[in-house]
Amino acid sequence: MKYNVQIYEDNQGMLMINVPDEIFLIIDLLLGDVQEDGSKLWLDLIDKVLSKQSSHEELTGNACTIGIKYDVTKIVNEYAEEN
């Protein structure tokens, strides 16, 4: 499935992302965890799975946990799970 994703800088130079509603968690992941931690660790795990060096990788940041498999990626916002 393909989505229309727009990544841009706003007037203050902040990274912004527009995505369809059904994949809104990608905003929390990219603008929160990935941007704070740096993208190398996150991209290395994705690459490891896509290159079939690993069948599954999981990483938890401040707000989201990402579970990466070759054919599907699951993003969980940990704050949304709390009552």
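Below, each value reflects all heavy atoms present in this structure, side chains not excepted, and no hydrogens, waters or symmetry copies. By convention here, the first residue in the shown sequence is residue 1.
When every heavy atom of Trp42 is checked against every heavy atom of Gly61, the shortest pair comes out as CH2-N, 4.0 Å.
With values rounded to the nearest 0.5 angstrom, Leu31 atom CG is found 8.5 Å from Ile7 atom CD1. Distance NZ/Lys74 to CD/Glu58: 9.0 Å, rounded to 0.5 Å. Residue Asn77 holds its CG atom at 4.5 Å from SG of Cys64, rounded to the nearest 0.5 Å. We find the CD1-OG distance between Ile68 and Ser55 to be 11.5 Å, quoted to the nearest 0.5 Å. Annotation: the span from Leu30 atom CG to Ile66 atom CD1 amounts to 8.5 Å, rounded to 0.5 Å. Atom-to-atom distance recorded for Glu57:CD and Leu41:CG is 9.5 Å, nearest 0.5 angstrom.
Taking a cutoff of 4.0 Å between a charged side-chain nitrogen and a carboxylate oxygen, Lys40 and Asp44 qualify as a salt bridge.
One hydrophobic cluster, built from ILVMFWY side chains closer than 4.5 Å, cannot hold both Tyr70 and Val72; they sit in different ones. No continuous path of hydrophobic side-chain contacts links Leu25 to Met16 [ILVMFWY only; heavy atoms under 4.5 Å].
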Worksheet item: Please walk me through it: do Asn18 and Val5 pass side-chain contact (heavy atoms from CB on, under 4.5 Å)?
Response: CA-CA 6 Å; Asn18 287 334; Val5 175; over 6 Å; no

Practice prompt. Evaluate the criterion side-chain contact (heavy atoms from CB on, under 4.5 Å) for residue pair Ile26 and Ile75; output intermediate values, then yes/no.
Written response: CA-CA 7 Å; Ile26 198 76; Ile75 301 170; 3.7 Å; yes

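Glu78 and Thr60 are not linked by any side-chain donor-acceptor pair at a separation below 3.5 angstrom, with hydrogens and angles left out of the test. Side-chain contact, Asp33 with Asn62: no donor N or O sits under 3.5 Å from an acceptor N or O.
Annotation: side-chain hydrogen bond (donor to acceptor under 3.5 Å, both in side chains) contacts involving residues 8-17, sequence neighbours excluded, are absent.
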